[in-house]
J.: 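Here it is, the structure in full.
The figures here come from the full heavy-atom set of this structure, side chains too, leaving out hydrogens, waters and symmetry mates. Below, chains carry the letters A, B, ... as their sequence lines are ordered, and counting in each starts from 1.
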Amino acid sequence: MAVKKRTKDLTFWQKIYLPEIAKGLALTFKNMVKPKYTIEYPEDKFIPPPSYRGRPVLVMEADGEERCVACGLCARVCPPLAIEVQASETEKEKERYPVKFEINMLRCIFCGFCEEVCPEEAIVMSKDYELAFTSREEAIYGKDKLLTPIDQLNDRIEFLRKYK
Amino acid sequence: MNIWEIIVITLIKILIVFTLLLLTVSYLVYFERKISAWAQNRIGPNRTGWKGALQPFADVGKLLLKEDIVPVNASKVVHTLAPVIALFVAFTTFAVIPIGPDIKLFGYNIQLVAADVNIGILYVLALTSLGVYAITFAGWSSGSKYSLLGGIRSSAQMISYEISMGFSVAGVLLLAGSLRPYDIVYSQSGWLWNAVIQPIGFITFFVSAFAETNRLPFDLPEAEPELVGGYHTEYSSMKFASFFLAEYANMIISGALIVTLYLGGWHFPWLESFGLAPWLVVAIQILTFIFKLAFILFFFMWVRWSIPRFRYDQLMNLGWKVMFPLSLLNLVWVAIVVMYIKP
Ligand code: SF4
Ligand code: SF4
């Protein structure tokens with residue numbers, strides 16, 4: 001029976017395994033004494049970079065007003081239909097505001113389309129990834145939970161201006 | 001010493017050995033997880049107790065509370081018997097392994113071994129071969145094809161490697177001229193360790209020990225990807241834990257055997273020439289034994305997390321075409337040493 005020749009034959013030293021095994025052991029030992037990558041979660045938290053897409057939030061200006069003009073584009077683009085907006089009129093310059101703005105966090109897939117489509121830079125992805133609920137009702141975030149002061153979102157807004 | 005004293009002392013020794021073995025086994029599981037974590041740049045269990053030190057007990061508690069499932073197709077008696085055999089073999093083998101020289105306590109001359117029998121090594125070999133039954137029975141009685149394959153692989157593997165193991169041991173016996181573990185240890189005093197005199201035998205024994213304990217790279221009987229756990233697929237609860245315990249106890253025994261046969265047992269080179277107090281000498285010797293054993297155990301784990309599993313045909317090739325001739329070669333070498341070099 002003809003033995004098929006391999007493209008790369010092992011040398012004698014590789015064939016007797018032992019030196020190669022020693023090399024392998026040395027490698028794993030090196031890794032054993034290396035610093036660890038693990039983040040011990042509840043105590044140390046992972047702080048994501050600005051490019052991270054956490055839960056979407058509404059931007060709140062310094063005067064406590066939302067930027068949103070209730071155009072409904074985000075609700076239109078949202079693939080899993082997680083957003084519900086109800087518009088109303090206001091005396092202010094921007095003329096419209098959302099009376100009701102809800103994101104169902106059980107539906108949201110963190111795609112970031114809402115953020116991308118928003119003409120007012122009013123909805124952005126935050127760094128918050130800790131989402132836990134005890135009921136379905138609780139998972140529907142209203143304006144009270146969505147509005148976030150702008151100074152907490154500066155990283156992300158800067159990132160968007162640079163790359164969007 | 002009259003007969004009652006001997007019985008009481010032996011029972012105490014058995015109790016101590018048994019407790020120590022159980023404790024060590026549980027912590028071996030813990031260290032295995034830790035070392036695997038370190039090798040993969042992780043931290044490992046660190047929540048239960050100080051740095052996860054209570055993890056083994058939590059694990060045992062969990063296993064005890066699990067439902068004990070016996071498959072419908074299983075042969076009930078054998079299915080129950082298999083883990084019992086595994087545990088029995090694992091714990092009785094340690095009886096003949098000496099961990100230090102004689103000590104004098106309360107006017108008694110106590111040997112640091114549960115049973116000082118003059119056929120000690122034969123006893124070990126006989127019992128470890130019995131271990132095959134545990135795995136084969138477990139595989140066969142489970143009524144599952146994966147278990148059966150695991151059992152078959154295990155018996156084939158153990159029988160193949162037992163041969164090279166036996167021949168390697170023969171080299172040691174030839175040099176020591178005795179089957180008694182004590183004599184073997186005394187024959188390697190100073191730096192005359194068997195690992196130095198017969199390195200090939202040391203390597204073949206070491207590799208066979210890996211194969212006998214079903215540790216990676218020879219863990220084909222329980223290969224997870226293809227056999228979903230092998231012979232203990234159908235075991236749950238404490239029966240599964242028994243196999244687990246047995247596996248780690250076997251590891252300790254192989255380690256202790258390697259230390260006794262090849263690494264000079266409790267010998268610390270030139271310790272006698274330091275002129276220390278006798279009790280200190282004994283203490284250092286026992287610590288030496290424990291240290292050597294710990295190193296071997298660490299090595300077992302280290303290898304497990306470094307080397308991939310062999311393929312079945314590679315395993316058989318290695319066993320019959322490499323290990324077996326090498327161990328024979330070693331035997332010839334030892335014979336030459338005994339004839340011409342050793343006075
Ligand atoms: S968040 Fe933006 S896109 Fe959505 S309704 Fe408000 S302004 Fe329009
Ligand atoms: S991130 Fe995507 S899924 Fe979530 S609300 Fe925005 S558009 Fe909808």
J.: Look at the rings of Trp302(B) and Phe29(A) and say which category their plane angle falls in: under 30° parallel, 30 to 60° tilted, over 60° perpendicular.
T.: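 Tilted.
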J.: Under 4.0 Å between a Lys/Arg side-chain N and an Asp/Glu carboxylate O for Lys51(B) and Glu40(A)?
T.: no
J.: Run the numbers on Gln40(B) and Met32(A) for side chain to side chain contact (heavy atoms under 4.5 Å, CB included), then give the verdict.
T.: CA-CA 7 Å; Gln40(B) 299 164 354; Met32(A) 270 186 223; over 6 Å; no
J.: I'd like to know whether CD of Glu93(A) has more than 12 heavy-atom contacts from other residues, nucleotides or ligands below 6.0 angstrom.
T.: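 Check fails, neighbour count at 12 or below.
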J.: Using distance only, find each side-chain donor-acceptor pair of residues 97-105 of chain A under 3.5 Å and give its atom names and separation, not counting sequence neighbours.
T.:
| from | atom 1 | to | atom 2 | distance (Å) |
| --- | --- | --- | --- | --- |
| Lys100(A) | NZ | Glu84(A) | OE2 | 3.2 |
| Asn104(A) | OD1 | Leu106(A) | N | 3.0 |

J.: Please classify the contact of Val303(B) with chain A as side chain, backbone, both or neither, using a heavy-atom distance under 4.5 Å.
T.: both
J.: Tell me if the CZ atom of Arg47(B) is crowded by more than 12 foreign heavy atoms within 6.0 Å.
T.: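 Yes, because the 6.0 Å sphere around CZ of Arg47(B) holds more than 12 heavy atoms from other groups.
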J.: Counting heavy atoms not belonging to Phe46(A), are there more than 12 under 6.0 Å from its CZ?
T.: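 Yes, CZ of Phe46(A) has more than 12 neighbouring heavy atoms, counting only those of other groups under 6.0 Å.
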J.: Between Ala39(B) and Asn31(A), what is the shortest heavy-atom contact and its length?
T.: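 Heavy atoms of Ala39(B) and Asn31(A) come nearest at O-CB, 3.6 Å.
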J.: Step by step, would you call Trp38(B) with Lys36(A) a side chain to side chain contact (heavy atoms under 4.5 Å, CB included)?
T.: CA-CA 8 Å; Trp38(B) 293 336; Lys36(A) 311 294 171 228; 3.5 Å; yes
J.: Which donor-acceptor pairs under 3.5 Å do side chains of residues 289-296 of chain B form with protein atoms, sequence neighbours excluded?
T.:
| from | atom 1 | to | atom 2 | distance (Å) |
| --- | --- | --- | --- | --- |
| Lys292(B) | NZ | Leu263(B) | O | 2.7 |
| Lys292(B) | NZ | Gly265(B) | O | 2.9 |
| Lys292(B) | NZ | His267(B) | O | 2.9 |

J.: Kindly check if the number of other-residue, nucleotide or ligand heavy atoms within 6.0 Å of CZ (Arg76(A)) is above 12?
T.: no
J.: What part of Ile43(B) gets within 4.5 angstrom of chain A, counting heavy atoms only: side chain, backbone, both, or neither?
T.: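 It is both, since atoms from each part get that close.
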J.: Please name the pair of heavy atoms, one in Asn41(B) and one in Pro35(A), separated by the smallest distance, quoted to 0.1 Å.
T.: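 Taking every non-hydrogen atom into account, OD1-O, 4.4 Å.
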